[in-house]
Amino acid sequence: MNLMQQFQRIYDSKPALRATAPGRVNLIGEHTDYNDGFVMPVAIQYAVTILAAPRDDGRIRLFSADFGQSTEFAAAGPIERDPRFPWSHYEKGVVSEFLKLGSAPRGADLLIHGNVPMASGLSSSAAVEVATAVALRAMNGFGIGDLDLIRLCQRAENEFVGMKCGIMDQFISCLGRSGHAMFLDCRSLEYRLIPFPSGRYSVVILNTRMKRELTGSEYNERRSQCEEGVRLLRPALPGIRALRDVPPGEFEKHAAALPELVARRCRHVVCENQRVLDFVQALPASDEARIGSLLLDSHASLRDLYEVSCPELDLMVELSMSVPGVVGARMTGAGFGGCAVAVVEKGREEALRSRVMEGYPKKTGIEPEVYFSSPSDGAKAEALE
Ligand code: GLA
């Protein structure tokens, strides 16, 4: 049964609107977004789709086709968490943020389906938030612009879900462009679309299938270690607001003022920001040696300094680099499991896939998944007739 048929079966009506929002893979710039830094993600072909129809009784009903569960609540609030349906917190968080802005949505029936692998570092949660927000915007005629919608989705995750994520995932899910990577300044929110050299390289995503628990304390703890670093550096560097303001050379002059662990965390961030700036030059120039070393340096830094990799991710990178034609690889997303990303010469994708499909289970006992995806478009909503 396709989604339209499912919608009709569940709600006994036809959907009026379809919204989609993609997941993402981050090429480089990891754990920099919440430090006001730089990132370079691409939107992927895996996405969340929402079918929606308005209702007249002020109720919002949600059906998750992936969990096979339904829940409903009053569109006017109060919006509450429901431990029986944790998947619904992303949609509810978005409704709750619209209400805070004084934009009360009308009632609606929503069917949600995603093929973005969940808890894998490919931003399935941001895709749900952005798809919900563009669906509600279209259905209610809300005048909110893309930037404010992106911030709203981030707040939904920060406040309703409790994950203190940065803005990268919602940003790329909303504004990604087919054939392009996005170079985003997470402070000014200015961005540049960088043509991905698709004639020469492919992006291959390698899923360790080690699930992460993102709202777990590790992510938020890294974030506060960075903030502590800024606090402790400020007496020596009074102008700084975030690690973004500290060039690597300056950082090393003052790193001794920091506890050893905080210094390592901060060193990752300040150097990773510089790597993004270098990558922005290297990618369009197809400077293979540079692309490769930046990706590998990023991985080593996430493994050794930021300590968010894991043996399975390290193995993915190692296996990838043993395949001729793989330019570079690194873990992607928050870490602690999830996916690695590889930039691969065109035509070498299958060689990488077979190496991983064979080598990874031998050492881990886990069947990995491998995805090919060209850079894709961001979110959209369309009326259905
Ligand atoms: C998660 C967060 C992002 C970002 C990455 C790490 O995906 O949602 O905001 O911090 O981790 O780069």
Side-chain angles (χ1 to χ4, degrees), residues 21-44 46 48 89-90 93-94 116-130 150-176 181-187 189 191 205 207 211-227 242-244 265-266 268-273 275-276 279 294-295 298-299 301-303 305-310 313 330-341:
R24 63 101 188 89
V25 67
N26 189 20
L27 295 181
I28 196 158
E30 217 64 85
H31 290 278
T32 47
D33 63 351
Y34 52 82
N35 290 298
D36 277 5
F38 306 111
V39 294
M40 190 134 144
V42 302
I44 55 177
Y46 299 83
V48 167
H89 294 169
Y90 302 93
V94 168
V116 188
M118 285 183 225
S120 301
L122 301 178
S123 292
S124 58
S125 31
V128 172
E129 290 150 11
V130 172
I150 289 164
R151 289 197 191 93
L152 179 149
C153 291
Q154 184 196 14
R155 288 198 303 278
E157 182 141 351
N158 289 170
E159 286 166 34
F160 203 85
V161 180
M163 153 81 183
K164 302 287 176 206
C165 64
I167 203 159
M168 164 171 69
D169 305 344
Q170 292 79 7
F171 209 100
I172 183 71
S173 180
C174 189
L175 292 174
M182 174 185 277
F183 168 50
L184 170 65
D185 177 336
C186 298
R187 170 173 284 164
L189 300 186
Y191 67 96
I205 301 166
N207 191 348
K211 296 274 172 186
R212 326 138 312 151
E213 198 29 85
L214 252 195
T215 39
S217 57
E218 294 277 8
Y219 182 94
N220 294 350
E221 182 184 284
R222 293 300 181 288
R223 196 172 170 148
S224 38
Q225 288 164 337
C226 293
E227 284 158 11
L243 288 176
R244 144 72 176 276
R265 303 294 191 246
C266 295
H268 163 73
V269 174
V270 300
C271 297
E272 183 79 353
N273 272 328
R275 281 190 283 271
V276 180
F279 201 84
L294 290 167
L295 292 172
S298 171
H299 184 76
S301 175
L302 289 157
R303 181 189 61 209
L305 300 179
Y306 219 63
E307 295 180 282
V308 293
S309 186
C310 61
L313 282 167
R330 56 181 285 279
M331 58 150 276
T332 187
F336 316 110
C339 289
V341 62

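By convention here, the first residue in the shown sequence is residue 1. Counting starts at 1 for both ligands and their atoms, following the listed order. Quick caveat, the model's predicted, so the values are computed rather than measured.
- Between E30 and ligand 1, at least one N/O pair is under 3.5 Å apart.
- Between H31 and Y306, the two ring planes are tilted [angle within 30° to 60°].
- In terms of polar-atom proximity, N26 is not counted as a contact of ligand 1, lacking any N or O under 3.5 Å from an N or O of the ligand.
- Within ligand 1, the atoms closer than 4.0 Å to a non-hydrogen atom of M168 are 4 (C), 5 (C), 12 (O), numbered from 1 in the order shown.
- F336 approaches E307 most closely through the heavy-atom pair CE2-O, 4.2 Å.
- Between D33 and ligand 1, at least one N/O pair is under 3.5 Å apart.
- Side-chain contact of R275 with S298: a donor-acceptor pair under 3.5 Å is absent, judged by distance alone.
- The nearest non-hydrogen atom to atom 7 (O) of ligand 1, considering only V39, D169, N158, comes from D169.
- A distance of 9.0 Å separates CZ of R187 from CZ of F38, quoted to the nearest 0.5 Å.
- Numbered from 1 in the order shown, with element, the atoms of ligand 1 that lie under 4.0 Å from a heavy atom of A334 read 1 (C), 11 (O).
- Judged purely by atom type and a 3.5 angstrom limit, D185 has no side-chain atom pairing as donor or acceptor with the backbone of Y191.
- Considering backbone and side-chain N/O atoms, G166 comes within less than 3.5 Å of an N/O atom of ligand 1.
- Any N or O atom pair closer than 3.5 Å counts here, and R24 shares at least one such pair with ligand 1.
- Residue Y34 approaches ligand 1 through these ligand atoms, each under 4.0 Å from one of its heavy atoms: 10 (O).
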